[in-house]
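Here's the structure, in structure tokens; my notes come after.
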Amino acid sequence: MNKYTNTMIRPYILAETNWKTVKDTDYQVAILPWGATEAHNYHLPYATDTIQADYVAAESARLAWDKGAKVIVLPTVPFGVNTGQFGVKLCINMSPSTQLAVLKDITDVLSRQKIQKLVLMNGHGGNNFKQMIRELYVHFPDVFVCAMDWYKAANWNLYFDEPGDHAGEMETSVIMKIAPQWALPLSEAGDGKEKKFTIKGLREGWVISQRLWTAITEDTGVGNPHKATPEKAEKYLKATTEKIAEFLVELAHCPLDSLYEQ
């Protein structure tokens, strides 16, 4: 039984399936969810980003599989780039260079086994795979690698009053929906108030730098969680997973020599 839907073994989830199924399936797309382990205000679990990425990958894959796309979801990576959070107890950092090493090993396996499409499904704002994809191409030109931030697939402003950046209304709503047993009551949550940069360019976002988490928030949250509801998350997750599934189906059926218009 799986932890989200109480159904039997899902053949599109590698951790659940078996060699009997795997050896007889010609997979078209591998999906690698990538989360983080970090504090999420007072009320959400450290695994919030990982739980969300794991769920969205599984549900999107289910929808794509039902439409004939042979996708396989790899085990979710639970550690992300958290170099700005060393001051927050037990926020676990995985440096970008380590992420690239992990990706090289995984892509090497896929290349050898002729699974030539890899989707990195990112669930953590500190992760950025664009430059890594460029380097992976140098070593594995036969594998098409792309990355998405799953939470950008659907316009969250259509579903939430104040989505928030970290442990705000969006993330709180999603955890209330998919893993309510790990969320404390909203009465336990901080207000998620953020202290902005004092320099205008950084504050406006066209200049980027790392934020020092202990300097910008008192409760580790950035965004007000108090309007969160599981009902908001249900609509948002439906729109999100349906859109991602549509992409996965299209990618699965698109030959690598037809990625560009003629």
Side-chain angles (χ1 to χ4, degrees), residues 33-56 76-95 121-128 148-199 202-205 207-237 240:
W34 207 304
T37 299
E38 60 180 359
H40 275 74
N41 204 315
Y42 297 124
H43 64 295
L44 295 184
Y46 266 60
T48 289
D49 291 349
T50 302
I51 295 165
Q52 293 175 140
D54 192 56
Y55 174 88
V56 171
T76 303
V77 180
F79 303 122
V81 178
N82 285 90
T83 49
Q85 297 181 326
F86 286 128
V88 182
K89 190 175 183 179
L90 288 178
C91 285
I92 308 298
N93 174 61
M94 179 181 280
S95 295
M121 187 174 289
N122 179 40
H124 171 58
N127 296 333
N128 189 327
M148 68 170 72
D149 295 330
W150 72 259
Y151 45 87
K152 293 180 180 178
N155 181 359
W156 60 15
N157 292 303
L158 299 177
Y159 304 93
F160 304 103
D161 299 300
E162 301 176 63
D165 180 24
H166 181 78
E169 182 185 342
M170 185 279 278
E171 286 199 306
T172 300
S173 295
V174 170
I175 294 298
M176 290 170 73
K177 172 61 181 176
I178 66 176
Q181 70 275 20
W182 293 330
L184 295 179
L186 287 175
S187 59
E188 300 288 335
D191 60 14
K193 184 177 180 181
E194 177 189 9
K195 297 178 181 178
K196 304 286 188 179
F197 281 110
T198 56
I199 298 173
L202 289 164
R203 191 169 63 251
E204 292 177 346
V207 182
I208 62 170
S209 185
Q210 176 176 265
R211 291 179 293 181
L212 181 60
W213 221 250
T214 53
I216 68 167
T217 172
E218 294 183 0
D219 52 33
T220 78
V222 175
N224 180 8
H226 291 286
K227 293 183 179 181
T229 69
E231 290 76 20
K232 291 178 180 179
E234 183 173 11
K235 295 176 182 178
Y236 172 63
L237 288 170
T240 296

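Numbering starts at 1 and runs along the sequence shown. Everything numeric in this text was worked out from a predicted model, so none of it was measured.
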Can you tell if the side chain of L184 reaches within under 4.5 Å of the side chain of Y42, non-hydrogen atoms only? no
Is any side-chain heavy atom of E171 closer than 4.5 Å to a side-chain heavy atom of D49? yes
Is it the case that atom CD1 in I199 sees more than 12 heavy atoms from other parts of the structure closer than 6.0 Å? no
Run the numbers on M94 and N127 for side chain to side chain contact (heavy atoms under 4.5 Å, CB included), then give the verdict. CA-CA 10 Å; M94 179 181 280; N127 296 333; over 6 Å; no
Looking only at heavy atoms, the pair that brings V81 and G126 closest together is CB-O, 3.4 Å
Exercise: identify the closest heavy-atom pair between G192 and D219: N-OD2, 3.0 Å
Taking the side chain as every heavy atom from C-beta outward, state whether E169 and T172 have any atom pair closer than 4.5 Å. no
About how many Å separate CD of E194 and CG of D165, when rounded to the nearest 0.5 Å? 6.5 Å
Smallest separation among heavy atoms of P185 and H43, with atom names: O-CB, 4.3 Å
Just how far is it from atom NZ of K177 to atom CD of E231, taken to the nearest 0.5 Å? 8.0 Å
Can you confirm whether D161 sits close enough to K232 that some side-chain heavy atom of one is under 4.5 Å from a side-chain heavy atom of the other? yes
To the nearest 0.5 Å, atom CD of Q210 lies from atom CD of Q85 at 9.0 Å
Of all the heavy-atom pairs spanning A39 and V88, show the shortest one and how long it is. CB-CG1, 3.8 Å
Aromatic rings Y159 and Y236: how do their planes relate, parallel, tilted or perpendicular, breaks at 30° and 60°? tilted
Work out which heavy atom in G221 is nearest to a heavy atom in A167; give both atom names and the distance. CA-CB, 4.3 Å
Looking only at atom types and distance, does a side-chain atom of N41 sit under 3.5 Å from a main-chain N or O of G190, one as donor and one as acceptor? yes
For P225 and L186, work out which heavy atoms get closest and say how close. O-CD2, 3.6 Å
Out of D54, V56, L237, which one pairs with I178 under the side chain to side chain contact (heavy atoms under 4.5 Å, CB included) rule? L237
Should we say atom CD of E218 is surrounded by more than 12 heavy atoms from elsewhere, each under 6.0 Å from it? no
Stepwise side chain to side chain contact (heavy atoms under 4.5 Å, CB included) check, N122 with Y151: CA-CA 8 Å; N122 179 40; Y151 45 87; 3.9 Å; yes
I216 CD1 to R211 CZ distance, which is reported to the nearest 0.5 Å: 4.5 Å
Any residue meeting salt bridge (charged side-chain N to carboxylate O under 4.0 Å, His left out) with E38, in chain and number order, not counting sequence neighbours: none
So, using ring-ring contact (aromatic ring centres under 6.0 Å, His included) as the criterion, who are the partners of H124 when residues are at least two apart? none
Do side-chain atoms of S173 reach the backbone of P230 as a donor and acceptor pair under 3.5 angstrom? no
Who passes salt bridge (charged side-chain N to carboxylate O under 4.0 Å, His left out) against D191, sequence neighbours left out? none
Hey, is CD on E234 packed in by over 12 heavy atoms from elsewhere, all under 6.0 Å? no
Does Y46 offer a backbone N or O that forms a donor-acceptor pair with the side chain of T37 under 3.5 Å? no
Evaluate the ring planes of W213 and H166, with Trp represented by its six-membered ring, and classify them as parallel (under 30°), tilted (30 to 60°) or perpendicular (over 60°). perpendicular
